[in-house]
Structures are given as C-alpha cells and as structure tokens.
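This structure is a prediction, so every number in the text was calculated from the model and none was measured.
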Amino acid sequence: MNRFKLIILTLLMGTGAWAQTTPASLPDSTQQELDESDGPIITEQEAEEALEKELKGKADSVQAYQILLPRLDFLSVCAGATITIPFKTIGPFDTDNTFMAQLIDRQGKVIGISLPFKKSPIQAVIPSYKLGSEVYQIQIISTIPIIQSNMVPIRLLETPTAQLTVADGSQAVRIMPGQEATLKVNLSGTAPWSFLLSDSTLVTQTMSNPHYLSVKPQAVKPYSIAAVANACGSGKTGGQVIVNVDDNPEPKLELKDAAKLARLCNGIPFQVAINATGKYKKGNRFVIQLADKSGVFKNISTPDSSGQLTTQIPASYKPGAYKLRVSSTAPVLLSETATITIVEPTVATLLKDSLHLGENETGELTVKFTGAGPWFVLLSDGTYENNILESPHKMKVKPLYNTNYQISSAGGLCGVGTFSGQAKVSVKSPPVTISIDRLPQNMACLGSTIEIPYKTTGRFNPGNKFSVQITDKTGRFVDLPTTVTPTSMQVKLTGIAQTDTIKTQLIRIISSSPAVSSTQEELDLIAPNKALGEVSGRGIVTPGQSTRIMLKFKNGLPPWSFTLSDGSAISGTFLNPYLISVAPEKTTEFKIVSLKSGCGTGTGKGSAVVQVEK
C-alpha cells in the first residue's frame, strides 16, 4: 500500500478513528502492506492535513448554499390570511429541490404553512388558530440540499372586541324626553374599528378608543353592540345599557370623580363633575360650595345652569383640609361632600454649596422643596429634572467651566412657584495656551490680508474672543481686523503707519477669557506700492524661430504673476528681471495686460516688438 492509499484510508476512517489508531494496532495484513510499500510511510501530521483539507472543502460547499429572507415586519397580517414571502438563493440547488415556508412560535414549535414551491415567492397561509399580537418567526427550508434560511419576525394583528357602557362606566342611565344619553364603547384589538349598535347605528373606521356616541330614545330602550370588526374580521362584543326615559323623574344631584378633587391649589381653575338626573324646575342653577374650618359652606362659583361647573379656590382660603359640595336652587338639593386639601405652592431653594471638581467630573447640588409635589426644577445651565418626589433632592451637574448656578424655574402641583438660592462650582481645567504655527510668509504689504495658522490647548470660557495684534510705530500692540476659523485667522493689515522702507513688526494672538497671549512672531511690512512691470526691446526672427524678451519688475512684493498680450502667462515668479521665450508667427508687439504681486494688482509699461522675416 503506497502513501496515497493510506491517505484515502485515513479519510475513510475519520479524524476520531485516526486519533485512536496507531501503526501498532493496525491489522496484520495492513501492517504488512505498509512494511512492503514502495514509498515512504505517510506521517500522522500529513494525514491530518489531508483530512482538514477534505473537511474544509465540504464546509465550503455547504456555505455556498444560502436562502436569504428580507424583512417582513412591515406586513399587517391576520390569522388565516395568505401572505407572499419573497426570498433569494445562493448556490446551484438541485433541479428537484423545493422550498417551503415554516412558522415558529415563542416556544420554538415549528409548523409548515405552505405547499412546496420551486422558486420565489412562496404563497403561505397563517393558521387561523394563531393568536393576534403575538410575534412569530418565519423561515424557508429547501429539500436538496437541506438548508434553512435566516428567521425574520412577523407580528399578527389582533381580532377586535367591543364593550358597551354608559359614559360614566355604569350599565343604566336615566334621561328626560328629548334629552341625549352618552354611551361609551371600549375597543381592543387593532385599529381602525367598525361596529354596529343594536339600534342600527353604524360607526366605520374609527380610531377613537374609547368611542363615545349619543342616543336619544323616546322610551325606555336597551342598547348593545350587534357586531364589531377590524382588518382581521369580526370579533367579540359585550355589555348592555338600559336608557330609561322618564318625563317626571325625581331630581338627584351627585358628585362625580370626587377623588380627582383631593388636592387643589389657590388661584388655579378646576372643574367639578356632577351627575344631575331627574326633572329640575325652570331657572334652576348649580353652584359649588366650600366649608371653611368653622363648618359654614360658602359659594365659590358663579351659579350655572349647564352643569359644567368650573371655579377656583379664593386666595383667602389658607392651606388645609376643607369640605366641598354642589347645591341646586330649584329644587334645593345638596350633593354629598368631598374632603379636599388646599395645598401650598412650591418654594424651591438651591442650597449654597461650593463644589470643586476636576475636569469632566460630576458633582451634586442640593435643592430643597416645600409645598405640594411632585416637583420640577430648571437650573441656569439648562439642567432639568421633573417628577421629583423627595426633598431635599440631589441634582447632578457636570460643568465645563467655573459656573454660578441659580434656579431658572421650579414648581410642583400648583404650577410654577417661587425659587431662590445660588451655588458656585469651580472646575479645574488644564492650562490654556495659544501658539502661532509657522507663518506662511514672513513679508507682507500694508493693506493686504494674510492667514495666521494657530493652535490652542486647554479650555476657554464661554464668550471668549480671539484677536490678532501687531505693534505700531511706537511698539504698542494694536488690534487688527480678524476673521477667526478653527484652524487659522484671516488678518487684514490696516491701520499701521506706512514707511518707505521695509519694517519688522511683532504680531501675536490674544484671548479675552481667560486673558492669554500667544508667542510673538516677526513680520516684515512694506508699503502698498503697486507693482510695475516694464517690457522693452526689439528683435528679428525667422518663422518658427524663438527668442526671449525681458521683463523688469519694480515695487510690489514678489512673487509676480503676469499675462502678455499674446496670452502667455506666468504665475508666481521670484525672478527679476524675467526672460520669457516667445515664437510669434508674424511680427508682434508684446505688452503686459495683467500684473499681480504680493501687494495686489499692478500695471504694465512699455512693449517689446519681435519682427518675423522670411
């Protein structure tokens, strides 16, 4: 047996078999063949490498097959509905291969929801017994080879329910002839809903939940929900309301939602809900009454006939416990009383703390509250907290600079209250420095604009301003018009006395908060003389021959840029004089039509004539 046979044998035996088999444990016949082989015996390492290569090839072939599902969470799907599932495939699937969709619930139970399909898309049916609002997973499987796609979530819509009550939650209401009764329909499931009332009233595609509607029967009448439906079909209904119609009922007066009146504030309007049933006399009025500590009830609202009673606690009533009721005038009736508490307005105080924080550290300031909560507080740096239930309360702050804190606004149950106090927080910041990078030019013209690159370290205070200064003829620093960017400053060299010679000035950058100065750099200034370019001379050439003409520059600051009348242009030369080659086809007069230098636009003078002779 040669080494190639042994490789095949090794692959057939598998990794585990090889690891457990040694040459000493091979069958005698195999051992004899190995001993008599005409080539070297394969080593264990070589066999393992061959096996790894084989297994990798198999793994690569498996990875070459994929089924890719897109997102399906955008679908609105009901139980029992048919959905279309698109998918993509990677790899050469067998011609007899089929694809099928599966649905997986939260417990991992898998069911098939489609017939076998040969290609995308798949038509699948969501089982009708599946529950709405549940999140399921969908995947696609193939048969040849057996591959599973990625799983994507899909949520089923809920079927609707409708429960009928009176607006106050009861099951019966009494009205007079011609009056309306307000019914309430509590809905569940996925909106929008449509429902049918037992009196044939039809409401379609409502988004309101609960949904209120008014009925005005002429006699005693029961009401119920005949049917309710949404996008997933019909649902369950419940509840029955009896509307009693009485042309001469005994008047009754009751407080509604008295628990909402438990805590009230001076000067803040509030509403008292009542249930006034029966037949009241013409001219009847309702009024809210409040008993002071002596037990004597006094009117605190304007008499009103509509039953929509709104008032506020007069300022003369001090914080404490009181009794509230509603009375009618014709006939005189009194509701039951409700115990209320007039609460104190909020008073917030920022305690005088002095914190010393390192850079990027967080500290705590203390705010003390009195009055009715929950409270809110807004500090002067924009730090805000609400729903504060305990006093005193610690507020976390993280200032970047030394900061004096005050309260900008604070309040509680009774709205914005009064506030006071201040606290100081100091922050240890790294040293502040300004440095000028190397100037792009060491010489400039008066009146020109130059760019000064700079860098800073440390943290500057809010409102800090940078400015560039230069020394005047007395050596005193004066400000220059400056445009600041994050990396450089554009500076216009104005307001400096002109001189006929080059003068060296000092330039620097300063900040206002904190007051810091950069290092000083030297800048040579020259008068803003316009550059003058002069062309002169004559020459004779034959066709196709070139010659050079000379330009001399005066004034201005190099480099010079110019354009000749024949269109020849040179940008940024420091040579003076400057020789430029020309090869005219005919006799040509050359002039300077454009000239610029470091001191701005200049002018040309003279001309050079080149005569072309055959």
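Here the shortest heavy-atom pairing between G358 and V427 reads O-CG1, 4.1 Å. When all heavy atoms of V135 and R155 are compared, the pair lying nearest together is CG2-NH2, 3.3 Å. Closest of all the heavy-atom pairs between Q148 and I141 is CG-CG2, 3.8 Å. Across every non-hydrogen atom of S420 and I407, the tightest pair is O-CD1, 3.8 Å. Here the shortest heavy-atom pairing between I340 and L264 reads CD1-CD1, 3.6 Å. Nearest heavy-atom pair across I83 and I138 is CD1-CD1, 3.9 Å.
In this structure, a donor-acceptor pair under 3.5 Å is present between the side chains of D381 and Y405. Side-chain atoms of T84 and Q123 include a donor-acceptor pair closer than 3.5 Å.
To the nearest 0.5 angstrom, T165 atom OG1 is 7.5 Å from D168 atom CG. For the atom pair NZ (K465) and OG1 (T482), the distance works out to 12.5 Å, reported to the nearest 0.5 Å. Distance check, rounded to the nearest 0.5 Å: OG of S380 to CG of N404 gives 8.0 Å.
The aromatic rings of F195 and H211 lie perpendicular to each other, with more than 60° between the two planes, well past the 30° mark. The aromatic rings of F376 and Y384 are tilted relative to each other, their planes meeting at an angle between 30° and 60°.
A donor-acceptor distance shorter than 3.5 angstrom exists from the side chain of S120 to the backbone of F87, with no hydrogens or angles considered. For the pair N284 (side chain) and A330 (backbone), a donor-acceptor distance under 3.5 Å is present. Between the S301 side chain and the T311 main chain, no donor and acceptor come within less than 3.5 Å of each other. In terms of modelled atom types and a separation under 3.5 Å, the side chain of R459 and the main chain of L400 share a donor-acceptor contact. A donor-acceptor pair is defined here as one N or O able to donate and one able to accept, closer than 3.5 Å; no such pair exists between the side chain of T337 and the backbone of R325. Under the 3.5 Å distance criterion, the side-chain polar atoms of S518 are left unmatched by any main-chain donor or acceptor of I434. At least one donor-acceptor pair under 3.5 Å links the side chain of E336 to the backbone N or O of L255. The backbone N or O of E158 sits less than 3.5 Å from a side-chain atom of T190, completing a donor-acceptor pair.
Counting heavy atoms of neighbouring residues, nucleotides and ligands inside a 6.0 Å radius, atom CD of E390 does not exceed 12 of them. Remark: E134 CD is packed, more than 12 non-hydrogen atoms of other residues, nucleotides or ligands lying under 6.0 Å away.
Applying the side-chain contact (heavy atoms from CB on, under 4.5 Å) test between L103 and each of V110, V125, I111 identifies I111 as the sole match.
Aromatic ring centres of F286 and Y280: separated by under 6.0 Å.
Residues satisfying the side-chain contact (heavy atoms from CB on, under 4.5 Å) test with S513, not counting sequence neighbours, are N461, N464.
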Discussion item. Quick one, T457 with T433, criterion side chain to side chain donor-acceptor pair (under 3.5 Å). Give me CA distance, side-chain angles, the key distance, then yes/no.
Written reply: CA-CA 5 Å; T457 61; T433 64; 2.2 Å; yes

